[in-house]
Q: 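Just dropping this structure here.
Values in this document were obtained by computation on a predicted structure and should not be read as measured data. Below, chain A is the first sequence line, B the second, and so on; all start at residue 1.
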Amino acid sequence: MAENKKRERYNIRISGLGGQGVVTTAHILGATMDNAGKYASLVPFFGSEKRMAPVEAYVRASSDPIYEVGEVVYPDIILIYHSQVVTHGKSYTMPFYTGLKPNSLIIINTDFDVLTEDDMKVLNDLNATVVQFDATKLAKKIAGTELATNMAMMGMLLGLTKLVTTAHIEAAVRERFLGNSFVASGGTASLDSAIEKKFKKKEQLLTANMDVINQTFEMANSVDISGSELIVRFDV
Amino acid sequence: MTKIVEVGPAGYMPTSAPAMGVELAPEGSALLYGNTVTPEEAMRDAAIALLTRKNPTIFPGPQVLWDWKEDVAEKSAAILELASEIPNCKIIPMPDYRPKYPKIDVKAEINPNHPNLTILDNRIEACIFVGVHCHYANLTLRMVRAGTNCYTVALCAYMGHEEAMASIRDLHASDIAKFKEIVIEERNKLGIKWETTLPPENPSLPKEDNSTLSPADYGEYRSLIMTKKGEHITDSE
Amino acid sequence: MSLAYITPSERFKKYLPKDYVELIDFGPFGKTQEEAGPGNMGQFKELMEEHPMCSGCWMAYYIRLIFASLPCPEETVTIGTAGCGRLAISQAAVPFIYGNYGDQNAMASGLTRAFRLRFPDKTKDVITIAGDGGTMDIGFSMTMHSWIRGERFTTIMLDNEVYGNTGGQSSGMSPKGAVLKMAPMGKDFEKMPATDLAKAAGCVYIVRMSPTNIKAAAKVIRRAIFVAREVGPTFIHAYTSCNIEYSIPTEDVFADAIELGKGRFKFDEYMTDEAKIVIERVEGEEKAARKARKAAKVAEAVN
Amino acid sequence: MSAVQRPVLNKKQVEMNYLLHEAPREKHFITGAQAMSEAVKRANVDMAIAYPITPQSEVMHLVGDVFAQGHIKEYYRAEEELGTMSAIAGASRAGVRLFTATSGPGLIRGLEAIASWPGHRVPAVLGILTRVINAPLSIQPDNLEMAYMLYSGAVMLHAENQQDTFDFTLAAFAIAEKVDVYIPVAVATEGFFVTHAKGYVDMMSEDLVYKEFDPVASPVPAMDNETPPARIQRDAPVQKSNFMSYLIHSVWQQEIWDSNSRAMKYIYEYLGGPVEVLNPGSDIMLLASGCAAAQAREAHRYAQEEGLSVGLVKVKAIRPFPRTEIREALAAAKTVIVPEHNIVGWLCTEVKAAIPNGGIVHEGPRVFGGMTLPVELIMFEIYEALGIEHTIKL
């Protein structure tokens with residue numbers, strides 16, 4: 001495939017653990033692209049989405065229509081929602097960067113350096129950029145719940161790629177929490193009601209989520225990852 | 001005209017007409033030997049067959065034999081008018097579709113599961129199927145083409161039948177009347193003299209006479225099977 | 001009540017075979033039980049016609065009895081499955097659907113519901129008539145679930161305690177110890193408790209019987225159909241011996257049926273309170289109608 | 001009887017051609033499961049019956065919601081698939097419009113009944129949301145079960161994406177119910193890849209529905225005691241006797257396959273034909289159905305960007321098999337690549353047999369057991385076939 005075609009399209013793989021909102025992220029990302037008048041296709045991983053079990057979801061985002069379906073086997077972007085994905089191999093794709101294309105982006109939620117020497121050599125050869133920050137801590141700090149971790153990860157992704165504006169995201173998040181067009185497993189729905197109780201009102205939930213996203217957008221704006229070192233770290 | 005579908009017998013296991021490439025005629029057209037033609041052309045060929053081949057017979061099916069729908073009266077009248085213009089035409093009905101066990105009365109009826117019994121026994125060489133549900137009509141027409149030398153005409157209220165030598169679709173009573181006129185025209189052309197005459201009644205076998213049977217013929221449980229009117233059955237225990 | 005579809009069109013009446021014309025004139029359609037019930041079943045060709053079963057077949061007799069007892073044959077559909085029974089069922093003038101192996105109660109579930117949605121103002125009776133194999137072995141889950149769902153149709157099991165049609169293999173309903181094909185050492189487990197299962201699954205009217213008494217058998221068939229119309233699933237477990245596989249001489253078939261009627265097919269009738277209300281009402285109405293007809297007849301005679 | 005009253009909806013009944021080709025449409029971003037249930041909503045279905053199995057369950061629970069909203073008249077969860085498919089066959093005799101769906105092992109379990117539907121003239125629509133059928137157990141997409149359907153006699157459509165799923169399902173009802181067809185139509189698409197993934201679907205208003213089912217316009221009488229003949233066993237067991245030969249059964253089978261072939265003209269009418277061809281006459285033709293066609297379409301796009309002589313044949317109708325159309329589309333091809341989501345390559349086999357020069361058909365690439373079919377896999381085959389150097393590492 002021609003190299004110059006790659007950047008018009010992002011093939012994203014999201015790896016995390018059950019309960020972290022991985023599948024939810026995929027759906028919101030899809031809706032966000034839709035709101036922006038662009039295209040997305042997504043494939044949630046289905047099977048045993050139990051708490052703390054590995055979960056993967058895949059999103060393709062593009063300014064052109066997308067035909068392809070199925071898992072993203074050769075991603076341009078990888079989101080890692082939990083350090084254990086890397087350190088414990090809690091992932092369906094091992095090692096976590098399997099299939100990564102050259103000049104790609106990896107965003108990892110962690111409070112310590114997770115990459116081994118060997119990992120770094122492979123990623124350096126691929127000219128990848130690894131963005132590393134404690135999204136869970138950020139979620140707790142701003143939204144008061146670690147359930148907003150996925151918002152932080154998504155915000156960072158969209159902030160760095162500048163695919164959409166925060167208005168597009170807000171509309172998608174609003175649809176996700178207030179609309180009813182979402183299809184997911186029963187477990188996700190009961191999780192929602194748990195969050196709702198905590199926040200009393202859905203609007204509050206929405207605002208808290210958006211605060212997290214806005215914060216990550218700001219963080220993303222503060223750096224230029226092109227030509228950067230292999231690892232870019234943010235303090236939270 | 002190349003005759004794709006021809007008068008049989010086509011043999012042991014004939015290729016179906018659709019498999020030979022015959023397609024149902026579009027609205028406003030008819031099929032003749034598997035070719036799309038005008039309804040008049042098909043009717044004219046069919047009329048000549050009915051007038052010149054042996055023992056022409058009309059096989060009316062359930063949709064015109066039973067009084068279940070508004071248009072039955074008009075259609076059945078038109079069919080009988082048509083029959084009465086075909087010299088020595090017979091009417092042998094197909095009143096239902098279940099196989100006849102143990103034996104069909106071939107003079108009295110035809111059945112889609114074994115139509116050739118009726119056609120061969122009566123030496124029918126030209127026939128019309130009308131008012132038969134399309135599925136059963138297709139089965140019948142194919143078996144007739146396989147095993148007999150009968151020229152088949154299908155008068156169909158829907159899309160017609162590839163297997164018939166002549167197939168008229170979207171049939172209304174007025175189409176049957178038109179067919180009748182064509183029959184009269186062709187009959188006159190052929191110089192056949194005929195006075196409008198209704199076909200003979202159904203020659204069903206006389207009803208079995210059960211009165212000669214004695215209860216002894218029915219063994220131990222005779223009273224359960226052969227109760228006669230007025231006979232009182234008491235508890236058999 | 002619609003008889004239009006069995007009424008010959010006027011112009012074609014004389015072109016129909018006689019027995020078809022007689023369907024309406026002399027057949028059981030649109031008639032009362034006195035006119036067309038089992039007491040008179042000898043006069044209808046539909047029920048008299050040669051059946052394709054073995055000589056002396058008790059099942060063939062019971063199937064005739066079912067058809068003669070139908071409250072409304074012109075609005076009834078029967079469903080059967082592989083087995084001897086369907087050979088005789090298909091001889092009658094009542095529509096018969098022959099499905100796949102043992103699926104009669106699943107078919108009936110779909111059919112009954114579809115009838116109710118298409119004809120909300122009409123009564124259409126659906127009856128499944130299958131053997132012990134079709135009902136309790138291969139069709140077991142479909143039988144049970146149709147009852148558990150409360151599907152409103154009648155299930156009749158023709159229990160000959162063997163697979164007669166395939167040549168005499170042991171079935172779940174064969175009695176323990178019976179030496180049959182596929183049970184060469186004798187069947188080593190009990191006959192399935194069909195009526196208990198029916199009760200547990202929610203049938204609202206259940207009868208086990210050996211149909212030797214024609215009136216009693218007819219009454220049960222009608223009760224089962226009336227209750228199914230209004231209340232829920234009904235089940236008749238009837239003994240219909242296989243004289244071939246159990247080597248019962250033809251002249252002893254009736255005696256065997258009476259014998260089993262005293263034993264494992266001892267008459268047992270169960271009904272829920274709701275079913276009872278329906279039975280009492282319908283039978284009361286029938287009785288009143290009979291009386292009225294009788295009175296009218298007397299009045300006519302007097303005049 | 002349910003205590004909850006379902007709303008009575010007033011909808012405008014229209015012809016299928018209006019519905020598919022003329023009615024204004026709006027874009028929605030929905031899953032394949034939603035697309036199928038939205039089609040059912042507009043198809044004026046009388047009755048839906050199903051047994052849950054992943055990934056079909058998503059579709060049939062949505063159809064249950066559609067029932068609760070008053071769009072269809074009757075719905076229940078059956079005991080298992082054989083019970084489901086038999087109940088569909090039973091309900092069909094009463095003359096109503098029917099829908100069900102299943103997946104992988106469920107299809108195989110129901111296959112005894114499904115294989116009898118065409119001969120029973122059951123014009124129901126069957127959704128097949130593909131799933132692995134062989135051991136060990138898996139819920140993942142793999143369309144091997146479609147191979148078991150190929151000889152059932154049913155019309156089979158294979159949807160590439162959510163839009164196809166919507167359009168094919170809707171059109172399926174009209175095709176199935178034509179008097180000269182009147183056999184079931186199966187609409188297959190890949191589980192998860194389509195059912196659980198969102199895509200863009202242009203849909204007409206849900207206030208429009210396909211005109212009501214007419215049980216009288218049928219090649220067989222409905223067994224409702226309203227239609228003659230009275231003495232009807234619609235599907236008489238055939239037994240040879242002095243008076244009857246097996247010919248009835250053989251012409252009956254012919255009739256089913258003839259009915260299947262008669263569906264082709266309606267596939268043209270409603271779906272624009274059984275195949276879609278891009279860049280006919282190219283040296284390399286990609287030929288695929290279902291999701292594999294989506295992957296092939298992507299590969300085709302990349303190939304165009306790189307100026308390669310690559311065309312695409314998407315096969316929409318698996319039955320009737322578009323033999324003539326495929327022959328035509330592949331007439332000038334030097335190599336045919338057939339990507340598939342199953343190990344046996346049933347489409348590849350059919351294509352090889354359909355063209356005079358079957359040797360040009362390349363086996364695969366195939367993935368199975370739920371594996372994704374990456375576009376890179378197809379590009380690899382294209383580069384190899386054209387002898388172009390490339391950097392794809394698989």
Q: OG/B/Ser16 to CD1/D/Ile256 distance, rounded to the nearest 0.5 angstrom?
A: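 If we round to the nearest 0.5 Å, B/Ser16:OG and D/Ile256:CD1 are 11.5 Å apart.
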Q: Contact part of B/Met94 toward chain D, heavy-atom cut-off under 4.5 Å: side chain, backbone, both or neither?
A: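 Looking at B/Met94, nothing touches chain D.
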Q: How close do D/Pro221 and B/Tyr136 get, heavy atom to heavy atom, and via which atoms?
A: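 Shortest heavy-atom separation between D/Pro221 and B/Tyr136 comes out as CD-CE1, 4.1 Å.
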Q: Tell me, with the steps shown, if B/His133 and D/Thr227 meet side-chain contact (heavy atoms from CB on, under 4.5 Å).
A: CA-CA 11 Å; B/His133 282 90; D/Thr227 315; 4.1 Å; yes
Q: Is D/Arg262 paired with B/Glu162 through a side-chain N to carboxylate O contact shorter than 4.0 Å?
A: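 The answer is yes: the pair qualifies as a salt bridge.
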Q: Taking all heavy atoms of B/Pro62 and all of D/Pro228, pick out the closest pair and write down the distance.
A: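 Heavy-atom minimum between the residues: O-CG, 3.6 Å.
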Q: Could you tell me which portion of B/Met159 (side chain, backbone, both or neither) has an atom closer than 4.5 angstrom to a non-hydrogen atom of chain D?
A: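 Contact with chain D is through the side chain of B/Met159 alone.
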Q: Begin with the C-alpha distance, continue with both residues' side-chain angles, and end with the deciding distance and a verdict on side-chain contact (heavy atoms from CB on, under 4.5 Å) for B/Glu23 and D/Met264.
A: CA-CA 11 Å; B/Glu23 283 181 29; D/Met264 191 58 102; over 6 Å; no
Q: About how many Å separate CD of D/Glu255 and SG of B/Cys134, when rounded to the nearest 0.5 Å?
A: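 These two atoms lie 8.5 Å from each other.
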Q: Hey, what do you get for CD (D/Gln254) to OG1 (B/Thr15), rounding to the nearest 0.5 Å?
A: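 Here the rounded value is 7.5 Å.
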Q: Mind checking the NE2-CG spacing from B/His161 to D/Asp258? Nearest 0.5 Å is all I need.
A: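 Going from the NE2 atom of B/His161 to the CG atom of D/Asp258 covers 12.5 Å.
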Q: By a 4.5 Å heavy-atom criterion (distance strictly below it), what part of B/Thr140 contacts chain D: side chain, backbone, both, or neither?
A: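 Contact with chain D involves no heavy atom of B/Thr140 at all.
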Q: Please walk me through it: do B/Met143 and D/Ile248 pass side-chain contact (heavy atoms from CB on, under 4.5 Å)?
A: CA-CA 8 Å; B/Met143 283 192 275; D/Ile248 176 66; 3.6 Å; yes
Q: State the CG-NZ distance between B/Leu24 and D/Lys265, to the nearest 0.5 angstrom.
A: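 With rounding to 0.5 Å, CG (B/Leu24) is 5.0 Å from NZ (D/Lys265).
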Q: Please classify the contact between B/Pro112 and chain D as side chain, backbone, both or neither, with a heavy-atom cut-off of under 4.5 Å.
A: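 For B/Pro112, backbone heavy atoms alone lie under 4.5 Å from chain D.
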Q: Rounded to the nearest 0.5 Å, what separation is found between the CG atom of B/Asn138 and the CH2 atom of D/Trp252?
A: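 These two atoms lie 12.0 Å from each other.
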Q: Should we count OH of B/Tyr158 as having more than 12 external heavy atoms under 6.0 Å?
A: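 Buried by this count: over 12 neighbours within 6.0 Å.
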Q: With a cut-off of 6.0 Å (strictly less than), are more than 12 heavy atoms of other residues, nucleotides or ligands near CZ of B/Arg123?
A: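 Not buried by this count: 12 neighbours or fewer within 6.0 Å.
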Q: Specify the closest pair of heavy atoms between B/Tyr12 and D/Leu247, including all atoms of both residues, with the distance to one decimal.
A: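 Heavy atoms only, the tightest pair is O-CD1, 4.0 Å.
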Q: Give the member of B/Ala17, B/Pro18, B/Pro115, B/Ala137 that has the highest number of heavy-atom pairs under 4.5 Å with chain D.
A: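 Among B/Ala17, B/Pro18, B/Pro115, B/Ala137, the one with the most close pairs to chain D is B/Pro18.
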Q: Of all heavy-atom pairs between D/Val251 and B/Arg142, which one has the smallest distance, and what is that distance?
A: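 Nearest heavy atoms, D/Val251 then B/Arg142: O-NH1, 3.1 Å.
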